[in-house]
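Below: the structure, in structure tokens.
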Amino acid sequence: MEKPDEKLGEGFLSSLNDFVPPWLDLRSTLSTGFFLLAGFIAALVVGWILFPMILYSKQPQPINFNHAVHIDEESGIEGETETEKCLYCHEFREDGSFAGIPKIDKCIECHDDPESSIGETLEEKEFLQNYVAEEKEVSWFSYYRQPDCVYFSHIAHVNMGKQECFVCHGDHGKSEKIPVYQQNRLTGYSINIWGKRLSGWKTNTWDRMKMDDCAECHTKTGHEENNACFVCHK
Amino acid sequence: MTPFSFEWQWNIEYLIFFGLLYTALSIVGGGLTFVAIKTCLQLMGFMRERHFH
Amino acid sequence: MQMKRRNFIKFLVGGVAGIQLTPLPWKFTDDVAIWTQNWPWVPVPPVGAVTKEKTVCSLCRGACGIEVRKIDNRAVKIEGRSDYPVNPGGICPLGMGGLQLLYNESIRFTSPMKRVGPRGSGVFMDISWDEALDILSGRISKLRKKGHPEALAAIDGNPNESTMALMVERLLKAVGSPNYVSMPSVGDTCSMVNYLQQGTGEMMAYDLENADCILSFGSGLLEGWGSPGRVLNAWGLWHDAHAKEKAVIIQVEARASNTASKADFWITPKPGTEAALALGIAHVLIKDRLCNVSFIENYCFGYHDWKSLDGQEHKGFKSMVLDEYSPQQVAGITGLQADKIKSLAHEFGKAKAPIAICGKGKGSLNGSLYEFMAIQSLNALVGNINKPGGVLVHEAMPLSDLQKLKNDQISLRGLKKQRLDQAGTSKYPFTNSLINNFLDAILKRHQSPVDTLLVFKANPVFTLPDTTACYKALKKIPFIVSFSPFKDETALMADLILPDHTYLEKMDDLVCPPGLQYPFYGLTKSVVDPVYNTENTGDAIIRLAKKIGGSVAESFQWPEYEDVLKTRASGLYSNGKGLVGYDASHPVWKMQKAGNRAAPDYSTFEEMWEAIKTGGFWFTAKHNYQNYSSIFKTPSKKFEFFSLRIKSAIDIAAKQKPLKKVLKDLGVAKNADEACMPHYSKDESSQDSTEYPLFMMPYEMINLASEWAPNPPFSNKTLLDNQLRNDESFTDINPQTAKANDLKQGDRVIIKSLAGRIKVRVNITEGAMPGIVYLPLGFGHTAYDEFLKGKGVNPNDIITTNRDPVSGQIVWWNTAVKLIKV
Amino acid sequence: MDSPILPEGVKRCSLTTFLILLLPCFALLAWGGLSAVLCLWKGLNQTNMSNVFAFALWIVFDLAVIALGAGAFFTGFLTYIIDRKELKNIINAAVIIGFICYSGAMAMLGIDIGQPIRGWFIYWHANIHSMLVEVSFCIGCYLIVLIIEFVPIIFENRKLNEIKPIRLIGHNLHEIMAVFAATGAFLSFFHQGSLGGMFGVLYGRPFAAREGFYIWPWTFFLFILSAIACGPCFTILCTKLTEFISGKKLVPDNAIQTLAKISGWLLSFYIVLKIIDTLGWIYGVVPRAGMTFMDFYREGPYGVWLVVCEILICGVIPAVMLMIPRIRQNGTWLVVAGILNCTGIVINRFVFIVVTLAIPVMPFDRFWSYVPTWQEWGIGLAVLGYGVLVYALSYRYLPVFPKEKELNIIT
Amino acid sequence: MKKDHGHVGKKYGMVIDLDKCTGCGTCMTACAAENNVSVRKDESDKERSITWIQLYQISNGKKFPDTRYSYFPRPCMHCDEDGRGGHHPSCVSVCVASATKLDPHTGIVSQIYTRCIGCRYCQAACPFDARYFNWWDAYFPKEKGLERYLSPDVSPRMRGVIEKCSFCHHRLMRAKNQAYAEGRREIEEHEYITACTEACPVQAITFGDLNNPKHKVHELIQLPTAFRLLERLNTKPKVYYLSTKDWVRRLADNYRPGEFKRLSKGS
């Protein structure tokens, strides 16, 4: 009980006592305050720093993909608009469904010769060697895959709704390095869907892709009828 | 549900229902806060505690 | 101490307050909720590109067109297809559930296997295809070396007309065994009737869609008879609210089946007396002049009494019917009212295009020869043969023959041995194979005359009446090889498994679906890559033959099975009338009636073959109506009420033994003249009425697979809980029967016959005829997985097999039984 | 052994005896705990509920328990709002019983729903048209209120009361208890009514359905009435049972008599309305649905005896008994009347739930039967065990009955 | 019915011709296959097995040989708002978590499995027993590999939630996607039909927009033989039945003595 520094503190306290009204029990108030605050701060650390670290697993993509190079004005995919360029690889099938991350066949359309690379990066050579040459699919992690219960029609948004890709995907299409894939251990959601900003504040449309965000946009753009449950749920 | 939820509708039914709910919750919450503050003040000696018995 | 605890509590209070201001509690609450929405053990079907593959369903012989929806290489749904002639869009519930047979690993063989456990235990060991074929070819070669090639036998469930059946038969012949036994089917009886009465051994071709009166003798039009997709579609046409003239459907059946319930008239003769009813109707048709006199007089034989070349007087159909089958007499036999028979005959006789159709239930099991003849005679009486809306007569499918067999000395000697089943002898002069005789022959001898049995697309241990006998016989056979892709009861008894692909993984042909009114050739294809290490049995046979070597290998010179199919199909091309494309707005039955003039939609054989491979079908809608002077190939060149072929068979046999003995061997109870005509005679088994006062009728349901293919689990959803409850199936009995046996709804009861006993529960229903005990076919599997195994009982277990006269086929529709309350 | 924490000046049995007496409760809780684990781990297939009997034993328990727990809010209402001073002697018991009933019901609901982890969706994604949402909100809030009402009683424990902050919180809470009691009364009022509405609005189920006026305010008030008619009786029964077991007089007669009298009048009022309601239903809703009264009482175990039992034997008779002072002043008759009263309301809740679902509406549908599994009984009875345990602990360690000392002077 | 940009909203509905229906069960199988409905070992436990469309066998109750059976295929009725009292469908108004809703633009009653908390109040509310609770987790054991036929169009359900017929809503979305790919906003009548409609081998089921006079269903529901189940409960089903048989029609609702009006003179 009797620790030296506490004694020291006691001396300090007693000197302080001169300045406070006599009915205020300074010692017990301060000690109570100290422990309350300690608990409070510890909780903040746990909640804001430790918890997210534990919650998300990190998986690097099997190989880097440079989006910027592929849509480069000079050397990249040709196209009048950005959307058109995106759609070159992330295409629509005939039935209107969205192909998502392209299969290796799509890559081979351009990178047809495993021996000769188009660019000069080491990554491309590696890609040609490991995947193109063997016609092996790259096991990409998808940052934007919605859970199984969600039906999302890209064509309705891109072709009919004239939405730009960045509205939901941000500047992913201009990135030179694809980020590490972070997955929520509990839900299996990618951090890009919900988790980038734990505070819940959202500054960009692509910060979060939960149901409320979809609905918010539908409402804003006058498509409230698309907030009917079955439009997005299956 | 709060008025910030997209499912919220600004109509009379919602206002009555959630109005009553939040009123009840605020009364309860208010009562608890009152007791908490009062207790704190009493503990710190700002207020005299009344004695029962 | 006190202080510490209090401080800790303060710390906790601060922590609890603080944690509220972090995302932890809120996100955690949300995330665990999301976790429940994405439970890792709930499957997530992978997304992918949607494609659709067209093929033909071959779960039964119906050959309905199907379209398989795929996600990448995964089949996810089977749908009917509308660009297909047989079934415009609809299929049956079993076909709909086909993917559960493709993807259910617990009911499939995933690789060739050899038995390691005791027989029937289902314990096998994976082996390679080469090893498996080596084992079998070694065994066959050994038999041949020993000079007993006939000890190789095959039970084949492939339809007689199919290329696979030819392949199997060819293999046996090449090896040198006559013992090729096919599973009985209604086709056997139909083609026998057509052979005897019309001279061609073709299938019945009913122009149902154009008919306006259907008199069905127990045919389960709604229970899966014929091509289910086609017949059900016809049913829809008949009942279309917009149709100008609705067809009248008359169902003759002793049970309120769906067909009977939905028919316009439901007639309930005692089971087994249908022939008498048909002849009773014939009596009224003749007497009330409702016959087509010109057809009868010009194109029929044996209607009137006649005199043979040897001067002997013979009774004709007319006088036999008039003498013995008056409505009153028939009423006595069938238990119907005479007036009802009369009005029924008038309904039939006055229709413009009436058809009397035969084939009980799904029509997968054989029928009774004389009954079918009597029914076909009705069609002849009203002259509705080879006319639109009638029974059409076709030439054989224009498929090419395979190259001639090469036989060495061993095989020639083997082929000279008598068939074990005595088919084709004077006892069964018109029958191709008799599986029950075959099994009897094995049972009777001390040592099995069959050394190696090959089983193709058949599950006799389950589907044959009197399963116990079958099981015993199979147990005696030293070596059984199953080519089944499924772990069926028979396959579990096998020593070697050479698993076939399932129908969605293989190419095979389907020829002439039962009842269809136009020549049709269907081709299945591999819509998904084979899921397991299986092989098309056609290819396996070719490889096997090559391994056996010698003349056997020479008989199978094709590189692969598709070449065999192509060889056969080349005849379709040279026939020059067929179409491989189809426009749903011109159904074949309309095209045919309108006198189709369309030229073939291909110009070379290769083009035709490719079109068949993608589309899955070839058909011809050109038909030569009437043309009576040349279609009948009987000795009299006419439709024969009195079959001269039976007569000559009797005459020939009578040269060696007394006529009485001949008739007795044939199983005919009447005199020699009547033996040549359709007639009714009381069944032998119906005599033991004190010990076994009731009759058991097995029946078939459209939503319960009762043939070789197992039941897809989806169908279990469609079964009512008074058909199956937990693991118990029900017997339908009339309240009267229930009362007489002191039974209440749901009671458990033992049904006992001479062949065995089974335990079921009782469903009391007015849909059952008093005195009859009904049991559905398709329950009571002892193989497969929990969706099928041990559910209900198999009526085949207690069927006492009698023999149908002349054909020698099994009589499965009236087993004398008794009920014992449990 | 635990004497320092027992209330002052009262006699309690030894801790060992106490624990032995509570053994059945622990057994029930263990049984219930096992059942709960099974139901949560494996799912509701552990029960015999089905697509036909979507609501079953647990909901019957829930509704019954909530009706019986109505004593808390109603006594609170009488004590704090109407200011019936004599009821202060029984209010603690009423609050504890209420707390037990509501928390038990909530716990049972937590297991009853298929996705307990998503239970908060009711609050977050509420469909305000659903009566069950109203019920959940009110029960949820009211449970908070009950906890607030219960806490000062706990804080009155001798040992706890020595700690200053706790004592202060307890006192301060007590001081503004009227506010909470009023809120509680308001909330309970709504959910008791909504519970009736919950079934009245099932217009696809003619057995339960009421229309227009007959849902609001009729059924609504009918349910409130029935709850406040039996709640006080249940409180009386519980105190009587405590008195019987402890062999002491705990509550002055005037408190009991006030409650019994009010209960009697409310019950008689309720029963009159219920009879009118039944007649209105027989001649209104039922024929409109194309059915007859007897269609609902023909099948299986559901005969007309249910109606007779609910309205006559367990309605009219206890109502009359409780209204006549001479009868209700007799301890035995009071208990009999109380039991009948509570039974009647429980039957009413049972009928509203099980018969509603058991009677097929489609003419070609058939009757199904339902027998609960041991898991269902386990959880239902665990609430009983939990209740007895909490009540016994409270009685032992807390000054539940303020007059106990006065009425039982230890000599 | 809601006006949407000046034109009447869609109201998808179904007409089932009971005289044509043969009780074959293909609709049930097709539905289960289309919608990833789990099949359990014991499907004879009808109280707990899941059948979004269910065949009810009915009988005219007469003695042999006058007995007749017929069938009522019963999908979800997709009840509508009541014009009179403004009811929502009986299940929708009771759902606590807004997991089931009536879409005014299609008339389809949705069921969101991930929202459902499994309270089963909607089951209690539905007089047609069209709602099914997942008493077990979906049964697709790994060793069987049956999950390989699952369609990605419909999300498999977890245990503890309600599921029901959705009028194959995903087929509507599929048709819309196809239309969008072809640059159309509207879809044709034949482009969106349910799996059961498509599968019915006797064409007893017709599906379409009840509000659209060009659709066949619109014409069929005007027929004198058209009726609905339990019409007097006023749940406004969007599933209609056709039958000329009085005994069948009589079983569609609870009639009091003398109340039923015969359509034909015969039985």
Side-chain angles (χ1 to χ4, degrees), chain A residues 1 6 28 31-52 54-56 91-101 103 105 137 142 145-152 183-189 193-195 197-201 210-211 233-234, chain C residues 1-54 67-77 79 81 83 529 614:
Chain A
M1 275 277 123
E6 242 175 59
S28 91
S31 110
T32 305
F34 172 78
F35 283 106
L36 283 175
L37 198 67
F40 190 80
I41 290 170
L44 291 185
V45 171
V46 168
W48 283 103
I49 300 169
L50 225 57
F51 171 63
I54 298 167
L55 190 60
Y56 286 93
E91 62 190 340
F92 289 120
R93 301 192 191 101
E94 256 177 43
D95 62 353
S97 62
F98 183 65
I101 298 177
K103 293 266 161 71
D105 288 347
E137 293 293 343
S142 173
R145 164 104 7 106
Q146 285 286 341
D148 186 47
C149 60
V150 175
Y151 169 83
F152 183 83
Q183 194 186 35
N184 187 312
R185 291 181 205 272
L186 260 178
T187 64
Y189 281 21
I193 289 182
W194 146 229
R197 293 179 180 234
L198 292 176
S199 61
W201 292 117
K210 276 192 100 183
M211 180 169 65
H233 279 287
K234 59 177 193 182
Chain C
M1 212 38 220
Q2 186 78 3
M3 237 3 241
K4 268 191 185 163
R5 197 164 66 193
R6 285 205 188 166
N7 286 340
F8 184 66
I9 290 169
K10 282 171 197 161
F11 182 82
L12 277 186
V13 170
V16 168
I19 211 81
Q20 310 303 317
L21 297 177
T22 75
L24 193 147
W26 320 112
K27 185 156 168 60
F28 185 77
T29 310
D30 194 22
D31 278 359
V32 285
I34 299 175
W35 170 71
T36 67
Q37 296 170 343
N38 296 283
W39 271 339
W41 57 89
V42 177
V44 177
V47 292
V50 182
T51 48
K52 291 185 169 189
E53 300 270 4
K54 289 166 177 169
E67 188 169 72
V68 179
R69 192 166 80 226
K70 283 167 63 182
I71 303 292
D72 290 343
N73 194 31
R74 211 159 54 80
V76 297
K77 173 91 191 289
E79 280 155 8
R81 53 187 276 211
D83 60 338
D529 297 337
T614 33

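So that the names make sense, note that chain A is the first sequence line, chain B the second, and so on, each numbered from 1.
Environment of CH2 in C/W41: crowded, with over 12 heavy atoms of neighbouring residues, nucleotides or ligands closer than 6.0 Å. Few gaps surround CZ on A/F152; more than 12 heavy atoms of other groups in view lie less than 6.0 Å from it.
When heavy atoms are compared at a cutoff of 4.5 Å, A/L44 approaches chain C by way of both its backbone and its side chain. Contact of C/L21 with chain A is made through backbone and side chain together, with heavy-atom distances under 4.5 Å. Of the two parts of A/A99, neither the backbone nor the side chain holds a non-hydrogen atom closer than 4.5 Å to a non-hydrogen atom of chain C. Residue contact with chain C, scored on non-hydrogen atoms closer than 4.5 Å, is absent for A/S97. Residue C/V16 does not touch chain A at all, counting heavy-atom pairs closer than 4.5 Å. Within the 4.5 angstrom heavy-atom criterion, no atom of A/L50 approaches chain C.
Residues A/Y189 and C/D31 form no side-chain contact, since every pair of their non-hydrogen atoms from C-beta on lies 4.5 Å or further apart. Side-chain contact between A/W194 and C/K27 is present, with at least one heavy-atom pair separated by less than 4.5 Å. Contact of the A/V46 side chain with the C/L24 side chain is registered, since non-hydrogen atoms from C-beta on lie closer than 4.5 Å. Inter-residue side-chain proximity for C/V44 and A/P147 is flagged as unmet; no heavy-atom pair is nearer than 4.5 Å.
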Taking it one step at a time, do C/K52 and A/D95 satisfy salt bridge (Lys or Arg N to Asp or Glu O under 4.0 Å)?
CA-CA 12 Å; C/K52 291 185 169 189; A/D95 62 353; over 6 Å; no
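At least one donor-acceptor pair closer than 3.5 Å links the side chain of A/R93 to the backbone N or O of C/G48.
Among all heavy-atom pairs drawn from A/A43 and C/G18, the shortest one is CB-C, 3.8 Å. In terms of heavy atoms, A/D148 sits closest to C/P45 at OD2-CD, 3.8 Å. The heavy-atom pair separating A/A38 from C/F11 by the smallest distance is C-CE1, 3.6 Å. When all heavy atoms are compared, the tightest approach of A/L186 to C/W35 is O-CD1, 3.1 Å.
With rounding to the nearest 0.5 angstrom, the CG atom of A/L36 is 10.5 Å from the CG atom of C/L12.
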